[in-house]
**Q** 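Sharing a structure, written as structure tokens. Questions coming.
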Amino acid sequence: QVQLVESGGGLVQAGGSLRLSCAASGRTFSSSVMGWFRQAPGKERAFVATINWSEGSTSYADSVKGRFTISRNNAENTVYLQMNSLKPEDTAVYYCAGRRGRLLRTNPADFDSWGQGTQVTVSS
């Protein structure tokens, strides 16, 4: 069983920054892909960023390219999402997710492990 625990959410003004963390435990992640998704009220869960745990390759949603950076710390089994130049439209609950395999995926249905989510609110 995989456990994913997010932290780092909060309230920030537009233009500010936050760093989300996702602590992973329960299995070996060397052959896994991790992702960040977000869900705003009344909207479907949407892809934000993903990373191949062993190779470090990444992919981003167009809406966050150049502003957000996904990274991982193998020694600490932790995935990060650095969010800069935040906008009010980035307001959502952010979820960390994991899946076995090496191919990057952007569909939430392709991920089988999920954290509980952390709220990010960006004020204008």
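We count residues from 1, following the sequence as given.
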**Q** Could you check if a side-chain atom of Q119 sits within less than 4.5 angstrom of a side-chain atom of T91, using non-hydrogen atoms only?
**A**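 Yes; the side chains approach each other to less than 4.5 Å.
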
**Q** V48 vs Y60, test: side-chain contact (heavy atoms from CB on, under 4.5 Å). Steps then yes/no.
**A** CA-CA 6 Å; V48 175; Y60 296 90; over 6 Å; no

**Q** Looking only at atom types and distance, does a side-chain atom of Q39 sit under 3.5 Å from a main-chain N or O of V93, one as donor and one as acceptor?
**A**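 No, because the side chain of Q39 does not come within donor-acceptor range (under 3.5 Å) of the backbone of V93.
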
**Q** Report the distance from atom OG of S17 to atom CZ of F68, rounding to the nearest 0.5 Å.
**A**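 Result: 9.5 Å between the selected atoms.
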
**Q** Can a donor-acceptor pair be found, under 3.5 Å and without considering hydrogens, that links the side chain of E6 to the backbone of C96?
**A**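 Confirmed, E6 side chain pairs with C96 backbone.
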
**Q** When hydrophobic residues are tied together by side-chain contacts of less than 4.5 Å, even through go-betweens, does V64 share a cluster with L81?
**A**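 In one cluster: yes.
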
**Q** State, to 0.1 Å, how close S124 and A14 come at their nearest heavy-atom pair, and which atoms those are.
**A**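 The pair with the smallest heavy-atom distance is CA-CB, 4.4 Å.
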
**Q** May I have the step-by-step check of side-chain contact (heavy atoms from CB on, under 4.5 Å) for V120 and M83, ending in yes or no?
**A** CA-CA 10 Å; V120 171; M83 306 185 295; 3.9 Å; yes

**Q** Please name the pair of heavy atoms, one in S113 and one in V2, separated by the smallest distance, quoted to 0.1 Å.
**A**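 What the structure gives for the nearest pair is OG-CB, 3.5 Å.
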
**Q** Give the C-alpha distance, both sets of side-chain angles, the deciding distance and a yes or no for side chain to side chain donor-acceptor pair (under 3.5 Å) between S57 and N52.
**A** CA-CA 5 Å; S57 54; N52 177 298; 4.6 Å; no

**Q** Could you walk me through whether S54 and R102 pass side chain to side chain donor-acceptor pair (under 3.5 Å), step by step?
**A** CA-CA 8 Å; S54 58; R102 296 184 180 275; 2.7 Å; yes

**Q** Minimum heavy-atom separation for V12 and L18, please, with both atom names.
**A**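 Closest pair (atom of V12, atom of L18, distance): CG1-CD1, 4.1 Å.
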
**Q** Could you go through the side-chain contact (heavy atoms from CB on, under 4.5 Å) check for L103 and D110 one step at a time?
**A** CA-CA 11 Å; L103 297 178; D110 291 325; over 6 Å; no

**Q** Of the non-hydrogen atoms in R67 and S85, which two are nearest, and what is the gap between them?
**A**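 Nearest heavy atoms, R67 then S85: NH1-O, 2.9 Å.
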
**Q** What's the shortest heavy-atom distance between N73 and W53, and which atoms?
**A**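 Closest pair (atom of N73, atom of W53, distance): O-CZ2, 4.2 Å.
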
**Q** Taking the basic N atoms (NZ, or NE/NH1/NH2) and the acidic carboxylate oxygens, is any pair closer than 4.0 Å for D90 and K87?
**A**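 A salt bridge is absent here (no side-chain N lies under 4.0 Å from a carboxylate O).
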
**Q** Could you give me the CA-CA distance, side-chain angles and deciding distance for Y95 and R38, then say whether side-chain contact (heavy atoms from CB on, under 4.5 Å) is met?
**A** CA-CA 6 Å; Y95 296 91; R38 65 188 182 186; over 6 Å; no

**Q** So W114 and F37, would you call those rings parallel, tilted or perpendicular, with 30° and 60° as cut-offs?
**A**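 Aromatic pair W114/F37 classed tilted.
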
**Q** Just how far is it from atom CZ of R19 to atom OG1 of T69, taken to the nearest 0.5 Å?
**A**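 The distance works out to 11.5 Å.
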
**Q** Does NZ or CZ of R105 lie under 6.0 Å from the centre of the six-membered ring of F111, at an angle within 45° of the ring axis?
**A**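 Judged by the rule (NZ or CZ under 6.0 Å from the ring centre, within 45° of its axis), R105 is not positioned above F111.
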
**Q** Apply side chain to side chain donor-acceptor pair (under 3.5 Å) to residues Q13 and S123 and explain how you reach the verdict.
**A** CA-CA 5 Å; Q13 288 188 332; S123 63; 5.0 Å; no

**Q** At their closest point, which heavy atom of D62 faces which heavy atom of K65, and how far apart are they?
**A**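 Smallest interatomic distance, heavy atoms only, reads OD1-NZ, 3.2 Å.
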
**Q** I'd like to check V33 versus I51 (side-chain heavy atoms, cut-off strictly below 4.5 Å). Are they in contact?
**A**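 V33 vs I51: side chains apart.
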
**Q** Nearest 0.5 Å, what's the OG-CG distance between S59 and L104?
**A**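 Going from OG on S59 over to CG on L104, the span is 6.0 Å.
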
**Q** Group every Ile, Leu, Val, Met, Phe, Trp and Tyr by side-chain heavy-atom contacts under 4.5 Å, then state whether Y80 and L4 land in the same group.
**A**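 Shared cluster, no.
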
**Q** Going from SG on C22 to CE on M34, what distance comes out if it is rounded to the nearest 0.5 angstrom?
**A**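 Answer for the SG-CE pair, C22 versus M34, is 4.5 Å.
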
